[in-house]
Each structure stands twice: as C-alpha cells, then as structure tokens.
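Single-structure report; data block below.
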Amino acid sequence: MAKKTFLHLDSPVQYIKGIGPKRALYFSKVGVESVQDLMRLVPRRYVDYSTVMKIRDVRINDDATVIGTIQAIEARRTRKRMNLLTVQLRDSTGSIVVKWFNRPDLKKRFNAGDSLLVSGKVTFYRTNQFINPLYEIIGEEEYGQQVKGAIIPIYPLTEGLSVWDIRRAVKIALDECLNETKETLPQFLIERNGLLPLQEALRCLHFPDNMEEARAARERLVYDEFFFFELTLARRKASSQHRAGISFQVKEVLTKKFMQGLPFRMTPGQTRAIEEIVEDMGRDVPMNRLLQGDVGSGKTVVSLYAILVAIENDYQAVLMAPTEILAEQHYLVLQELLAAIGIKPYLLTGSIKGRDREVILHDITSGKALLVLGTHALIEEDIAFKKLGLVVVDEQHRFGVMQRAALVNKGMDPDFLVLSATPIPRTLALTLYGDLDISTIKDKPPKRGEVITRIVKSKEKRSTFAFVKEVLAHGYQAFVICPVIEKSDATELRSVQEASEEIKEAFPDFSVGIIHGRLNTADRMQIMNDYRLGRIAILVATTVVEVGVDIPNATIMIIEHPERFGLAQLHQLRGRIGRGAQQSYCFLMLNRYLQADTYERVEFFAKNNDGFALAQKDIKLRGPGEILGKRQHGLPDLSIGDLEQDQGLLFRARDDAFELIKQDPDLILAQNQTARAQLELLAKKAELLRIG
Ligand code: ADP
Ligand code: MG
C-alpha cells in the first residue's frame, strides 16, 4: 500500500517532520505559517557552491566566497572607540580572519563551531582578511554532504533556524504537497509572459539546477505578487465606476470669495490640480483622487478649494490628518483662512471629550458643522453626518482607501481626495495607486528660501550653536527634532528631555518649549500657538511635527540622529523650514559613528532637496513597505518584488491586470477562474492581517 500523506497545503508547518511547535514559532517570524507559505518562501539569494573557494586559494583583492568553521570569536574596543569583532574561520585547507566594525550584535549570533559563509573583498593586514563581508550562518557541520557544487538558496533567517532546517522542511513540503498546488494565473498570461507554471516555479525556487532556473522561478513569483496586487486595484477602480456619486458644481459663492481673499496667487501647478479636481467632482461617479506634491507645494489650499466646492453645494466636508497635532495645526490655520468667508471649522479628535464632544457631534448630525477636522478616528467611529460630500485625507495615502470602504458600508459614498507629500514618479504612482486618479503639483510657490543642509560632527556642535544663536537673535525660530521622548537604558539615543536640557543651557537667552505625542491636546495647542506667535524661540520635538506644521518664521532645524529616520521622513521634517522667504538651515547631528552605507544615506539627504528624488531613493533602499505604510490596507502584500529592480515586470503585471478587468470586470469567464479564486484567497488573508 502506498504511503498515505498527511500534510496538506494548509497544514501548519509544525506538522512537518522535524519542526514541531517551537521551530514553527521561528518560521512564523519570517511569515511562514502553513506548508503553502513555506513553499512560497522566496530565498534572499543563492550561493553557487561551485564558486566557493578554498581558503588556501584566496588572494588579496579577490572577490571571494569561502565557507569555514568558526574557531574563535573576539570582541573588543579599538583605540578610536569602535567596536571590533574578529572571527577566525577555518576550512580543511587553512584559516582566515574576518572582521566586523561596529556590529556588536553579531557576537551573539555567532557560535564557535558554526559553519559560516562569508563573501567579500579580500584585503591584507598582517594576514589575509575580510572586512565587513556579507555573511550567512549556515548551521552545524552538515553542509558538506548536502551541497556538492549545488546552487543553495539562502533564506531569510531568524535566530533559531538554520538554512538547513529550512531546506529540510521545504524538501518534505515539496515532496508531499507540490502536486496539490493549484495554478493561480490564467494560462494565456503564463504563455504571454513566458513564465514558469507555478509547480515548476516552486521546485526551481528551492532546488534549481542552475542560476537561470532560480531566476525564472523568482520572476514567476514576483509577477504573481504584482499581478494580484494590480488586480485588486483594478477591481476597486472598476467597482467605483459603477456607483453613483455626487455631481458637484462650482457655484462661485464661497470659492470665489476665497480666491479673492488669498494673500497670494495660485501657482500653475495648483491651478491645474484644482481644475482636475473640480472636473472630477463634477462627474456623477465618486471621486477617488490622489494629489501629490512636494512638501510646501501648497496642497492644503488646493484641498481647501475642493472643500469649499462641496460646502457651496450644501454638503459637509471632512479633513483627516494622520496625527492629532496635525489636525490641531490645520484647525488653527484654516480658522484663519476661513474667517473671512464666515465658515467655522470644527475640530474633533480623540482628546476632545465630554460636553465639548457632545456639542460637536450634535452639530455634525444637524448639519451645522460644515467642515470637520480630525484624525482618521473621525470616520472609524460611528459619527452620523447629515450630508457628507467630501473627505480629504492628508498625508496618509493608503488610509483613505480603507476609510472609503468603511463609509460605503455605512451607505455614504462621498468624494475622496488623498494628499501625499511623498511624491513618487508618475509611472510608479499609477502602478501603486492604480485605483486612484492622480494630480501632481510639480512647482512650488515662488520666493521660497532654499534650505541649506549640513552634517554636523560632535566637534562642530559649538560653532553650530553659535551660528544658530545669531539667527535666533534676528527673531527667527528653530526646531530641534529627537527620535525619542525620554532617555532610556535600552538606547543611546538622544531624547527630547535630554536635548531640551542641553538647549536650555546653551541658549539661556531664548525661550525653549517641548512638544510630543504624550502631551494632551490643550497643552499641545497652547505650545504650538505660542510657537506660532513667536513666544517660543526653540521648539524641541519628536516627529509629531513631521507633517504639515507650517511656521514660516522657523528657519532652523536641528535633527538629532538623522540616521534613525527614512529619507522621505527626513524630507518631511525638513519641509517644516524654508517656508518663508528667508534662507533656512537644517543641521544633521552625528552623535556617533555611522556605518558607511548609513552615512551615505544621510549624505544623500543633505545633498538633495527634491522630494521626488528622495522618495525614489527611499523606495530603493528600504522597500516600498516603509513608504506606503506597512499594511497595504486590504491589498495583497508586496514582499517579494523589488519596485525598482523588477519595474518592468510590475508594469507588465499592471497592464495585464487592468486589461483583464476591462474585459471581464466581474471575473466570470472560465479562463479567469483560477485568478478569481486566488484573489479571494488573498483578500481574505489581507483582511485577517488587518484585523490581527
Ligand atoms: P504642503 O503641500 O506641504 O501641504 P501647504 O499647503 O502647507 O504645503 O503650503 C505651504 C505654505 O505655502 C503655506 O504657508 C501656504 O499658505 C503657502 N502657499 C500655498 N500656496 C501658495 C502660493 N501659491 N503662493 C505663496 N504661498 C503659498
Ligand atoms: Mg500639507
């Protein structure tokens, strides 16, 4: 009798022989729960063992890969107070020294007796050595029997799992369940794109005969991932085209008055964006539009115009910000801008409670509140609007989409305008936000002072402070940004608390304020207002001021630990200055030694002022997840594909997906049933992720 298999695609990995509940936990850290997930675990890279060299044969200046057993590990501090980890690596032919600077974390990861693969340039200092090479911990002394010149996948590892643990488990999974795996793509797309069928791709992914097979396997899975991402967007877009929207008309009541009262002229980019938005609002399907533009390009007034269009059509509008502080900031600014046309905005955040809250809620329900500002909680909570016509979502693109779904479920279908200051190239934007229409503001209001950005080493701190003092003496203001609120033993990071003490001491003649997310609304508003009015000269803050805060008189920004922030985020921070006509300065404080690549990133930021360039670089360095928000609300994950490296594949997947939905919007054709099934599966998974 044939052996009966008991593993299925959906079986938890712990049932794979040799894994069990404890190792299953490690697997879940790399996102693997089921046998199926394991089969789809994409290796980070492959090592071609035919290119691994014997240590004896390694020469200075070679780009070499060697595998050896760790003989000894030593950690010490150098005279320049750097952390140095030295590892002796030995194979059957000899031994070599491997050094890492400032990677104290590695000490815990390495154990004497482990097999270690290192790959990098060979240099010489008393003996042959690798400095900061790529490395993989291969596990115990078992690689010898298993490799023999093969191509070995290197998986994303967590502590507690070796490459071989994963490899063994994958082998069992494939042996028992590969036949069960169903194709996810329609046949015609597989053919058109020259892709491997899924089963073959999964085999080649883990056990390729050559590098080309490994590449083709990855390509297939990347296409898969992009395709279903785009298919989700395409369906969303198609479904909103069926729904009835509000057809807003520009009545020139409020809008005209507003334009006449503005102290400046709109830039050509703003004017065009307004035209596109107004046209879209006039259509009788719901608007779903992204407005992107660099920080300071003036998106707020554009969205305000749209808000006034909604209000003059007797609808209510909502402006949602990602943080309470930004909502409060909008409130202060809009109050001023709207006073002349007699509209009173309402502020509703989680911190507003009791009687005040009741009054506001009442006015929203009665329709007296025409414009409500707040955070996303505004819509998540059960707030009854009398007649909601427009929702503007500031600085949080993906959120908008989910919020919309929540509203539609409640029987409302207002127009949506999403603002983003992390502009990305149009082709990429069309692809990642395929369900949204896009307006882009490329220009900036004239007479903006440029921001000069400088990296400041510890020994230059005093002279920098002296310079800042001079600027402040002319009546300008400064921000100091810190990565954390309080000092803690766990990090060496400079905190708001610590920095504010230092600043107070260094700037005794100036008033210093602090602001962060743990203060309550009233205190925060008080401090922001004092800062706005110039009563506070130096504001020490966390990234709560990251987005939207608009204080033209602030011309200095000091950023502590710039390496802790992403490029797009740094750019947002820096966007808080250079908002008036004067020259502004951004100082990046280096408090500690930085790895070369980290330093380069900080330097790239210092040299670049263009939000588009920075966003693109950020996507390249940190992956899209960081930029677009970790959770792609309701969208399949993008974890395999590289938005830059795989861009060609991405565009093909987009075209294929949108074409398919155009021909078969409800996915009823027989040829599309595989795709439909997969889409439903992914949607369920994304939903679970969101809730979980
Ligand atoms: P962002 O696009 O970063 O949200 P804002 O809308 O906050 O930018 O605008 C930044 C500043 O520029 C605000 O002080 C705003 O009043 C001002 N501003 C906007 N449009 C113009 C313009 N066309 N000319 C001059 N200043 C403008
Ligand atoms: Mg803004």
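In each ligand, atom 1 is the first atom listed, and ligand 1 is the first ligand listed. For the numbers below, each heavy atom of this structure counts, side chains included, while hydrogens, waters and symmetry mates do not. Predicted model, so just to flag it, every value in this text is computed and none were measured.
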Can an N or O of Phe264 be found at a distance shorter than 3.5 Å from an N or O of ligand 1? no

In ligand 1, which numbered atoms sit nearer than 4.0 Å to a non-hydrogen atom of Met266? 23 (N)

Step by step, work out the side chain to side chain donor-acceptor pair (under 3.5 Å) result for Ser351 and Glu324. CA-CA 8 Å; Ser351 312; Glu324 291 203 354; 2.5 Å; yes

Phe385 six-ring face occupied by Lys387 cation (under 6.0 Å, within 45°): no

Angle between ring planes, Phe258 versus Tyr305, binned at 30° and 60°: parallel, tilted or perpendicular? tilted

Centre-to-centre under 6.0 Å for Phe651 and Phe226, is that the case here? no

Which ligand 1 atoms are under 4.0 Å away from a heavy-atom of Arg265? 22 (C), 23 (N), 24 (N)

Under 3.5 Å between any N/O of Val295 and any N/O of ligand 1: does that happen in this structure? no

Measuring from the heavy atoms of Ser297, does anything fall under 4.0 Å of ligand 1? yes

Would you check if there is a donor-acceptor pair between the side chains of Glu312 and Thr255 at a distance under 3.5 Å? yes

Give the atom numbers and elements of ligand 1 that come within less than 4.0 Å of a heavy atom of Arg579. 3 (O), 5 (P), 7 (O), 8 (O), 9 (O), 10 (C)

Any atoms of ligand 1 less than 4.0 Å from a non-hydrogen atom of Thr267? List them with their elements. 23 (N)

Aromatic plane relationship, Phe507 with Phe465 - under 30° parallel, 30 to 60° tilted, over 60° perpendicular: tilted

Non-hydrogen atoms of Gly575 versus ligand 1: any pair closer than 4.0 Å? no

